[in-house]
A.B. asks: 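Here's a structure for you.
So you know, we letter chains A, B, ... as the sequences are listed, proteins then strands, and number each from 1. Atoms considered below: every heavy atom in the structure, side chains included; atoms not considered: hydrogens, waters and symmetry mates.
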Amino acid sequence: MRLLLVHADHMEYEAKKKTRFAEKIDNAMKRKYLEEVLVVFTAVEDGDDDSTVEQAVREITDVAEKIGAERILLYPYAHLSPDLAPPETAVEILKKIESSIEGFEVHRAPFGWYKAFNISCKGHPLSELSKTITPVKESKALQAEKKAVSHWYILTPDGNLVDVDKFDFSGFENLKKFADYEISKSRVVDRTPPHVELMQRLEIADYEDASDPGNLRYYPKGRLIKSLLERYVVEKCVEYGAMEVETPIMYSQQHETLRRYLDRFPARQYIIEGKRKLFLRFAACFGQFLMTHDMVLPYRALPIKLVELTKYSFRKEQRGELVGLRRLRAFTMPDMHTICRDMKQAMDEFQMQYRLSMEVLDTIGIPSESYEVAIRMTEDFYRENRDFIQELVNIIKKPVLIEMWDSRFFYFVLKFEFNFIDALGKASALSTVQIDVENAERYGISFIDESGQEKRPVILHCSLSGAIERCIYALLEKAHMDTEKGNLPSFPLWLSPIQVRIIPVSGKYLKFAEDLMKKLGGFRVDLDDRNETLGKKIRDAGREWIPYVVVVGEEEERTGLLTVTVRKESTVKNQKKVKMTVEELKQRIQKETEGRPSALLPLPPYLSKRPRFR
RNA sequence: GCCUCGGUGGCUUAGUGGUAUAGCGGCUGACUUGUAAUCAGCAGGUCGGGGGUUCAAAUCCCCCCCGAGGCUCCA
């Protein structure tokens, strides 16, 4: 629905001649002269419904109150929209708006007549406003979710399935926070999340006002961390047997299969208007399922796995839901799909991916103490697979939150998530795997079994690490929590943008420092050659969380032994300084970063030549 | 999307109707340093944007944009 609101000194109209769609009217409606009136030119559009009426009434009342009008004239005005509703619907909706506005003298001009009008607009800032109202559509999935009943339990490693209200949470404070968060949806937070300040101060990421909210910019250090995480997770998937692919980021809304798929998801899409209406993907499912549809899948090839790093996935989350790196509108997610011949194979893969997720998060620097596990499934699934679920709990070796639905309303029968609990007690899902029993049918994906028959596979959706940005959020929040415990915050060495900083005590030792930098080639080493005091350089290195700081001067030049400050073993008060040879330092870093992706220094190596990003 | 609070040089910030503060950072110079901020000088601002009220607006009013918190949502 399109509205054009005009605050007028007076408005006069006269119905002249009927069109095909003219409604029957009495003489009083035929012509009117109104003074001090808010005229609402209205075009009812295709798809408008009761939710549109409700919003329109709210908007109109709102404006009328603000400008202090007592009189409102609803004036049908088709020219505001190229996409009009059928006339009968339009009249019906106009009448509904008319009868729903309260507290004002409401008039309505007749629909379907050629009308002459004469208006005198007041011309103050609020005297002319236009509004577009779109109907609030609720997807089938959301409607179904409302109907479904959830039951919540805690399942312990010793096999007790306890009603969540009866569980003794002592010793499991984070699980308690998570359960409260999930079930009662209680949010007791009154400050900005710590990671937002950190991501800015450490020059990792930042808001970009010129874009849509939730679309961030990443500075070199942030880009490096992201890049390493991205490579690591994709490599893990490939190692596990997945084939990396790439699919388009935008799709046609008219595509029949996709349309039915969208209706199963409560996600809000970014829409690109044009000759054909496109939407931006919110995961890699679209591209990969369309690809899989065209593949020839002999049963011997199963399970087959496709993985794609979605850069980006787009979800037009509500404005108030967006926070720092925790919840974005554009994010990077490794999305892997596993095509399985049957439920048995799917469950085997599910368990492998569960273990793999634990390993991946641990390597990233998020050990299992930092997250809580949720397992969600239909009651039927649990009844038939108790031992399987128990095994999952035993693998993680701690109690798990269980949600059971009395009916299946999503496309999956089973899923798990690892939920990070942040410094403010908020929970965010990282790794997740789902067993999908619906989309093979929807996308027409099939394989040929031993007897030559076509069959529908079971499909696993897996994000080993969850969104990459969210991993960085978790690392920053964790670092903040470390600080609160009195420890020095840090990144794992393999993710540190700068691994070693060399600080010459004075310009005299610059040459020695440069030679040392060359000897440490292969690692991310930089050199603080600024004309600053040693104290200042040390402080700056500390504020940048640099894991190894090497101060070189007369002594080092003479003995050839380095004085290395090891951050991991230091405290704020007490810096741990270790004497070692260049070779020993190299070996130490080598060992600590073994088997993880490496990368070059993302910034100029000389600090004197380095810009600041904020 | 709704409600509440906020937005002042690159960053942090003082300023409730009367010529816009300070620190950090930047630039210039001095100092050549042994483990968490060396000293001095200089430059840098359409006070988020637009409109209004007023002799006068960062300050009061309206609309919009951006951020945070809440509601909601979270594949």
A.B. asks: Taking only residues two or more places apart in sequence or in another chain, which ones pass salt bridge (charged side-chain N to carboxylate O under 4.0 Å, His left out) with Glu70(A)?
C.D. replies: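 Checked Glu70(A) against salt bridge (charged side-chain N to carboxylate O under 4.0 Å, His left out); zero matches.
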
A.B. asks: Could you tell me whether Glu317(A) contacts a base, only the sugar-phosphate backbone, or nothing, with contacts defined as non-hydrogen atoms closer than 4.0 Å?
C.D. replies: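 Here Glu317(A) touches no strand at all.
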
A.B. asks: Classify Arg201(A) by what it touches in the nucleic acid, base, sugar-phosphate, or nothing, heavy-atom distance under 4.0 Å.
C.D. replies: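 Counting heavy atoms under 4.0 Å across all strands, no contact is made by Arg201(A).
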
A.B. asks: According to salt bridge (charged side-chain N to carboxylate O under 4.0 Å, His left out), who are the partners of Glu208(A), at least two apart in sequence or on a separate chain?
C.D. replies: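 Only Arg217(A) meet the salt bridge (charged side-chain N to carboxylate O under 4.0 Å, His left out) criterion with Glu208(A).
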
A.B. asks: Could you pull out all residues at least two apart from Glu321(A) that satisfy side-chain hydrogen bond (donor to acceptor under 3.5 Å, both in side chains)?
C.D. replies: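 Partners of Glu321(A) by the side-chain hydrogen bond (donor to acceptor under 3.5 Å, both in side chains) criterion, ordered by chain and then number, come out as Gln318(A), Arg327(A).
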
A.B. asks: Relative to the ring of Phe350(A), is the ring of Phe416(A) parallel (under 30°), tilted (30 to 60°) or perpendicular (over 60°)?
C.D. replies: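 Perpendicular.
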
A.B. asks: If you look at every strand shown and take non-hydrogen atoms under 4.0 Å, does Leu322(A) touch a base, only sugar-phosphate, or nothing?
C.D. replies: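 Sugar-phosphate: the residue Leu322(A), judged by heavy atoms under 4.0 Å, touches backbone atoms but no base.
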
A.B. asks: Is there any protein nitrogen or oxygen under 3.5 Å from a nitrogen or oxygen in nucleotides 10-13 of chain B, and what are the pairs?
C.D. replies:
| residue | atom | partner | partner atom | Å |
| --- | --- | --- | --- | --- |
| rC11(B) | O3' | Arg614(A) | NH2 | 3.0 |

A.B. asks: Output all residues satisfying salt bridge (charged side-chain N to carboxylate O under 4.0 Å, His left out) with Lys577(A), sequence neighbours left out; order by chain, then residue number.
C.D. replies: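 If we apply the salt bridge (charged side-chain N to carboxylate O under 4.0 Å, His left out) test to Lys577(A), skipping adjacent residues, there are no hits.
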
A.B. asks: Is there a side-chain contact between Lys536(A) and the phosphate of rG25(B), meaning an N or O under 4.0 Å from OP1 or OP2?
C.D. replies: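 Checking Lys536(A) against rG25(B): at least one side-chain N or O falls below 4.0 Å of OP1 or OP2.
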
A.B. asks: May I ask you to say what Val323(A) touches in the nucleic acid, namely base, sugar-phosphate or nothing, with a heavy-atom cut-off under 4.0 Å?
C.D. replies: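 Sugar-phosphate: the residue Val323(A), judged by heavy atoms under 4.0 Å, touches backbone atoms but no base.
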
A.B. asks: Taking the ring centre of each residue, are Phe418(A) and Tyr354(A) less than 6.0 Å apart?
C.D. replies: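 Between Phe418(A) and Tyr354(A), the centre distance is under 6.0 Å.
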
A.B. asks: Check whether any side-chain heavy atom of His337(A) sits under 4.5 Å from a side-chain heavy atom of Leu460(A), and report yes or no.
C.D. replies: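 Sidechains of Leu460(A) and His337(A): no contact.
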
A.B. asks: Give Gly320(A) one of three labels, base, sugar-phosphate or nothing, depending on what nucleic acid heavy atoms sit under 4.0 Å from its own.
C.D. replies: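 Since a base atom lies under 4.0 Å of Gly320(A), the category is base.
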
A.B. asks: Just to verify, what does Glu514(A) make a salt bridge (charged side-chain N to carboxylate O under 4.0 Å, His left out) with, not counting sequence neighbours?
C.D. replies: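 Residues passing salt bridge (charged side-chain N to carboxylate O under 4.0 Å, His left out) with Glu514(A): none at all.
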
A.B. asks: Is the closest basic N to carboxylate O distance between Asp540(A) and Arg501(A) below 4.0 Å?
C.D. replies: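 The answer is no: the pair does not qualify as a salt bridge.
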
A.B. asks: Can you tell me the distance, in whole Å, between the CG atom of Leu488(A) and the C1' atom of rA36(B)?
C.D. replies: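 Those two atoms, CG and C1', are 10 Å apart.
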
A.B. asks: Should the pair Trp545(A) and Phe491(A) be assigned to parallel (<30°), tilted (30 to 60°) or perpendicular (>60°) ring geometry?
C.D. replies: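 Taking Phe491(A) first and then Trp545(A), their aromatic rings sit tilted (interplane angle of 30° to 60°).
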
A.B. asks: Could you work out which one of rA75(B), rG70(B), rU72(B) sits closest to the side chain of Lys426(A)?
C.D. replies: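 Nucleotide nearest to Lys426(A)'s side chain: rG70(B).
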
A.B. asks: Which stems does RNA chain B form, counting runs of 3 or more consecutive Watson-Crick or G-U wobble pairs with both distances under 3.5 Å?
C.D. replies: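 Runs of three or more consecutive pairs: B:1-7 with B:65-71, B:10-12 with B:22-24, B:26-30 with B:38-42, B:48-52 with B:60-64.
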
A.B. asks: Going by side chain to side chain contact (heavy atoms under 4.5 Å, CB included), name the residues that satisfy it together with Ser428(A), two or more places apart in sequence or in a different chain.
C.D. replies: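 If we apply the side chain to side chain contact (heavy atoms under 4.5 Å, CB included) test to Ser428(A), skipping adjacent residues, the hits are Arg326(A), Arg470(A), Tyr473(A).
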
A.B. asks: Enumerate all atom pairs, one protein N or O and one N or O from nucleotides 41-44 of chain B, separated by less than 3.5 Å.
C.D. replies:
none

A.B. asks: Do nucleotides 29-35 of chain B as a string where each nucleotide becomes B, S or -: B if the base has a protein heavy atom under 4.0 Å, S if just the sugar-phosphate does, - if no protein is that close.
C.D. replies: --BBBBB

A.B. asks: In terms of side-chain heavy atoms of Arg539(A), which of rA37(B), rG69(B), rA75(B) is nearest?
C.D. replies: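 Comparing rA37(B), rG69(B), rA75(B) against the side chain of Arg539(A), the answer is rA37(B).
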
A.B. asks: How would you list, by chain and number, every residue that makes a side chain to side chain contact (heavy atoms under 4.5 Å, CB included) with Val525(A), sequence neighbours excluded?
C.D. replies: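 Val525(A) satisfies side chain to side chain contact (heavy atoms under 4.5 Å, CB included) with Val500(A), Ile502(A), Met517(A), Leu520(A), Phe523(A) once adjacent residues are dropped.
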
A.B. asks: Partners of Phe286(A) by ring pair (Phe, Tyr, Trp, His ring centres under 6.0 Å), sequence neighbours excluded?
C.D. replies: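 So Phe286(A) forms a ring pair (Phe, Tyr, Trp, His ring centres under 6.0 Å) with Tyr251(A), Tyr261(A), Phe279(A), Phe282(A).
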
